[in-house]
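Reading through the structure tokens given below for one structure.
Chain letters run A, B, ... following the sequence lines, proteins first and then strands; every chain starts at 1.
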2 protein chains.
Amino acid sequence: MIDLLARQSCCLSAQEISERLGESGRSVGLASVYRALELLHELALVQRVDLGDGNTRYEPIQPGGEHHHHAVCDRCGRVTAFEDRSLETALERLAGRLHHSISAHEVVIHGNCERCSERA
Amino acid sequence: MIDLLARQSCCLSAQEISERLGESGRSVGLASVYRALELLHELALVQRVDLGDGNTRYEPIQPGGEHHHHAVCDRCGRVTAFEDRSLETALERLAGRLHHSISAHEVVIHGNCERCSERA
DNA sequence: GCGGTAGTGAGATCGATTCTCAAATAATGG
DNA sequence: CCATTATTTGAGAATCGATCTCACTACCGC
């Protein structure tokens, strides 16, 4: 399961992880998936991602520190990943000013994806 | 209920809204609260805020456009609001580059709040 | 093998959200 | 006013993701 997660570039829900593991032979119960994810989260190896659809997703934290954020299409639900250096810079600068340590941050954008914008 | 929400500066969960309405005399069922929130959300008068604790919160959208984001303490759960102009600027610039329209955005920071950092 | 320990997962449970439906309320038209 | 029809309401049921429980398995050292 660690392998599966590590191979993902973007976020997966616990259900998806369980399903994919089942498809590839090694069936794993949901409870174990959640247990593993909790552990990995404590070890700072995966990040929780909450896109507001009621499902918590998880994605691996890149050792290099690079990471992306997510844009959710409110029409079709598609999730698009993006990265933006100036956004990160702004967040880093913010860290100095804030009376709050920052161990993780998450930016979620809502709107319409390219495809849905065209036929708006 | 509209009044109550409008008076709030920061986010409230549906439960909190129902409770507060009850305390101030006008008891309102949870179902109605959710219904109203859904409507207000469609009208772009309230924004959904998801801080990753399994509760969706809602907060009024300021007509002027100004808004804040949230820092969650992973230790005590306290939610701190903050605003940051350069963060907004970065997001505005991003809007031009992204193949995705932006109708709303949300930034959630995780870490330890001032109080919890001190006794870390 | 045997006792002990840790890991597993099916199913129970929990809690937030959504759905349902009958009752309450408001709007309409005599 | 009263009757009739739409609309809104909210208690409780249903749903669904996440968590918890616990009997069961797997593994380890002796």
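- When DNA chain D is scanned 5' to 3' for any atom under 4.0 Å from a heavy atom of chain B, the first and last hits are dT9(D) to dA11(D).
- N55(A) meets the side-chain hydrogen bond (donor to acceptor under 3.5 Å, both in side chains) test with no other residue; sequence neighbours excluded.
- Looking only at side-chain heavy atoms (C-beta outward), Q47(A) and Y58(A) stay at 4.5 Å or farther from each other.
- The nearest whole Å value for the distance from the CG atom in L37(A) to the P atom in dG9(C) is 13 Å.
- For S117(B) (side chain) and N112(B) (main-chain N/O), a donor-acceptor pair under 3.5 Å exists by modelled atom type.
- In this structure H110(B) satisfies the side-chain hydrogen bond (donor to acceptor under 3.5 Å, both in side chains) test together with D74(B), sequence neighbours excluded.
- Side-chain contact between D50(A) and R48(A) is absent, with no heavy-atom pair separated by less than 4.5 Å.
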Nucleotides 15-19 of chain C: which of its N/O atoms have a protein N/O under 3.5 Å away?
from, atom 1, to, atom 2, distance (Å)
dA16(C), OP2, Q15(B), NE2, 3.3
dT17(C), OP1, T56(B), N, 2.8
dT17(C), OP1, T56(B), OG1, 3.0
dT17(C), OP2, Y34(B), OH, 2.4
dT17(C), O5', Y34(B), OH, 3.0

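- Judged by distance alone, with hydrogens and angles left aside, the side-chain atoms of S24(A) form a donor-acceptor pair with the main-chain N or O of R20(A) at under 3.5 Å.
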Which atom pairs, donor and acceptor, lie under 3.5 Å between side-chain atoms of residues 88-98 of chain B and protein residues at least two apart or in another chain?
from, atom 1, to, atom 2, distance (Å)
E88(B), OE1, H67(B), NE2, 3.2
E88(B), OE1, H105(B), NE2, 3.1
E88(B), OE2, H69(B), NE2, 2.9
T89(B), OG1, R85(B), O, 2.8
E92(B), OE2, R85(B), NH2, 3.4
R97(B), NH1, D84(A), OD1, 2.4

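- The side-chain hydrogen bond (donor to acceptor under 3.5 Å, both in side chains) search around H68(B) returns E59(B), H70(B), not counting sequence neighbours.
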